[in-house]
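This one's a predicted model, so the numbers in the text were calculated from it and none came from an experiment. Every chain is numbered from 1, with letters handed out A, B, ... down the list of sequences.
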Protein chains: 2
Amino acid sequence: MSGPGQRVLALLRQMIAEGSLAAGERIAEIPTAERLGVSRMPVRMAFRVLEQEGLLIRHGARGYAVRQLGEEELAGAVEVRGVLEGLAARQAAERGVSAEVRAVLLECLERGDRLFEKGYLCEEDLASYHDLNLRFHQTLVEASGNPAIAAALARNDHLPFASVSALVVDREHLEREYRRFNFAHLQHHAAVDAVLAGQGARAEGIMREHANATLRYARLFGTEEGDSVGRTVIQRGSQKPG
Amino acid sequence: MSGPGQRVLALLRQMIAEGSLAAGERIAEIPTAERLGVSRMPVRMAFRVLEQEGLLIRHGARGYAVRQLGEEELAGAVEVRGVLEGLAARQAAERGVSAEVRAVLLECLERGDRLFEKGYLCEEDLASYHDLNLRFHQTLVEASGNPAIAAALARNDHLPFASVSALVVDREHLEREYRRFNFAHLQHHAAVDAVLAGQGARAEGIMREHANATLRYARLFGTEEGDSVGRTVIQRGSQKPG
DNA sequence: GAGCAGACCATTGGATCCAATAACAACAAG
DNA sequence: CTTGTTGTTATTGGATCCAATGGTCTGCTC
């Protein structure tokens, strides 16, 4: 575990996510292998995985290309995440959650409450919120008892900006971000309320709308088009899907 | 294209789907390679892809195991397909469909009408219905304009029995299957009606329920538990996701 | 007799080599 | 001048070899 193969895979994912690899440009095995200082073999393996994840697409009959995803493709991925997490919430509500899951969800809510009750956000609050947000979503998906949801979500989670684990934050306007994340956190509250009450349809609707919190709310709460100054992505290490 | 690598991948998928490989049992590279008469390399590649598709899972620290999916996992996958195809139908209805898509959908409906109007099903009707069913679903997903849906569906489509391309038919009771497929076809009618009328929510609801036609209706329409005699799977060649 | 340690074997991952194929370019012919 | 054909090169896929790691079995010691 964590041999050169995994390292190459993680490196390529990161390079694609942060744009070091020009989108749409062709990418070959040998230059990539030399650039990363490994043999062609782990690169070959990584290319297959990355193709399955949708980050690379075949470029003609020879080689791969970094997939360039436009605005509406991103919106589509967010929409997909919405229906999947909505399904997870509904099934969790319908089947009922265990005491452990209930405890984790309530703890996430409480930790978020403590974050937001002081009325502003500082730098390390962003990291904390990111962590609890991730934990909340993962717990809900697990609580659905439907592993197919996690499997389907795994694809989206590899697309940059479309996953829960990628939070686009505007560090220049932390008061705006406070409102945005606070709203998202209130949606968490509503979702937990619905799930614990066994209200499947309500839980589904809330989580479906909540998917927009990642991306669309960023515009909704004031960050206009082209206002990319100071926008940062908190991207955490790839949590394993299993 | 279509070299030994693709052949190995297709063979392994088929062997997993039809149960030639015992579920849950460990599967190693070397015996598999010898059994298929190829080197270890294409097997290694295929294992990675199959792991990404969810057909294989890691068996401890060494090797892979064929994933055994129980009844409720299958039901979960069907549910996932429901929400995804529901989303596709809704987005197709909301954005409107092109003339070409409209023509294809109507042609699928008409061909189905001709199949069912004679009041019974014969053997080659099953293949015809399978083809038009597949075409219908693919067209609808494409019409959504959301490639993330197809990407998310690709995972489910590899799980045996959960995809549109796997129809479980009971050849012993073709009159029952007539009622079942006819019902599914009427759902197609309703879905197209809703999509063409721009009724997104209605289209979504119909397609969501329609996902159950693959599996759950088989029991609903009379095939009881354990009544597996004469049940066959029409599984067609792996249509490429892109 | 049981537990621990060491050694051997099985199996996987990486590297290098070889073959096959596709693309590009150059040259010749119409 | 344009187009077709052929040759060369670049790149990918497959095979074989080598190293590293984990598991198991056996023997020794307490």
Side-chain angles (χ1 to χ4, degrees), chain A residues 1-16 20-67 237-238 240-242, chain B residues 1-16 20-68 158 237-238 240-242:
Chain A
M1 214 64 68
S2 92
Q6 298 303 109
R7 197 173 54 85
V8 167
L9 193 56
L11 271 176
L12 286 177
R13 270 210 208 97
Q14 183 184 349
M15 289 166 75
I16 292 174
S20 304
L21 265 42
E25 196 186 356
R26 184 170 163 211
I27 178 175
E29 288 181 2
I30 300 184
T32 308
E34 287 175 350
R35 188 170 166 186
L36 298 182
V38 291
S39 156
R40 276 179 52 214
M41 190 63 56
V43 178
R44 275 168 72 179
M45 296 293 189
F47 277 9
R48 304 309 170 93
V49 175
L50 260 32
E51 183 196 8
Q52 288 284 321
E53 290 177 357
L55 291 178
L56 294 183
I57 54 176
R58 308 195 64 106
H59 185 270
R62 198 65 73 91
Y64 290 95
V66 180
R67 167 146 170 221
S238 60
K240 60 171 180 10
Chain B
M1 212 65 67
S2 91
Q6 298 301 110
R7 197 174 54 86
V8 167
L9 192 57
L11 270 176
L12 285 177
R13 271 211 207 95
Q14 183 184 349
M15 290 166 74
I16 292 174
S20 303
L21 265 42
E25 195 187 359
R26 183 170 164 210
I27 178 175
E29 288 180 1
I30 300 184
T32 309
E34 287 174 351
R35 189 169 164 184
L36 298 182
V38 291
S39 157
R40 277 179 51 214
M41 191 63 56
V43 177
R44 276 169 71 178
M45 296 294 188
F47 277 9
R48 305 309 170 95
V49 176
L50 259 33
E51 183 195 9
Q52 289 283 322
E53 290 177 357
L55 291 178
L56 294 183
I57 54 176
R58 308 196 66 108
H59 185 268
R62 199 64 71 93
Y64 289 95
V66 179
R67 165 142 170 227
Q68 49 188 351
H158 289 125
S238 58
K240 59 175 181 5

From D:dA15, D:dT11, C:dG13, pick the nucleotide closest to the side chain of A:R62?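 So the side chain of A:R62 is nearest to D:dT11.
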As a test of reading the structure: which of D:dA15, C:dT12, D:dT11 is closest to the side chain of B:P42, going by heavy atoms? D:dA15
Could you tell me whether a side-chain N or O of B:R13 sits under 3.5 Å from a main-chain N or O of B:H158, the two making a donor and an acceptor? no
Is it the case that the side chain of A:R48 and the backbone of B:V49 share a donor-acceptor pair, with hydrogens and angles ignored and the cut-off at 3.5 Å?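 No, A:R48 side chain to B:V49 backbone: no donor-acceptor pair under 3.5 Å.
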What is the separation between atom [atom1] on [X] and atom [atom2] on [N], rounded to the nearest whole Å?
X	N	atom1	atom2	value
B:I30	C:dC9	CD1	P	15 Å
B:E34	C:dT11	CD	C1'	13 Å
B:E29	D:dG14	CD	P	14 Å
B:Q6	D:dG14	CD	C1'	13 Å
B:I27	C:dT11	CD1	C1'	14 Å
A:L36	C:dA15	CG	P	11 Å
B:F47	C:dT11	CZ	C1'	12 Å

Side-chain N or O of A:R26 closer than 4.0 Å to phosphate OP1/OP2 of D:dT11: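 Checking D:dT11 against A:R26, no side-chain N or O comes under 4.0 Å of OP1 or OP2.
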Determine whether B:Y64 and B:L50 satisfy the following criterion, side chain to side chain contact (heavy atoms under 4.5 Å, CB included), listing intermediate values before the conclusion. CA-CA 10 Å; B:Y64 289 95; B:L50 259 33; over 6 Å; no
Worked check of side chain to side chain contact (heavy atoms under 4.5 Å, CB included) between A:T32 and A:V8: CA-CA 10 Å; A:T32 308; A:V8 167; over 6 Å; no
Inter-residue atom distance B:Q52.CD - A:E51.CD, 0.5 Å rounding: 10.5 Å
What protein N or O atoms touch nucleotides 16-18 of chain D N or O atoms at under 3.5 angstrom, if any, and at what distances?
none

B:P42 to B:G5 - nearest heavy-atom pair and separation: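 Where B:P42 meets B:G5 most closely, the heavy atoms are CB-CA, 4.1 Å.
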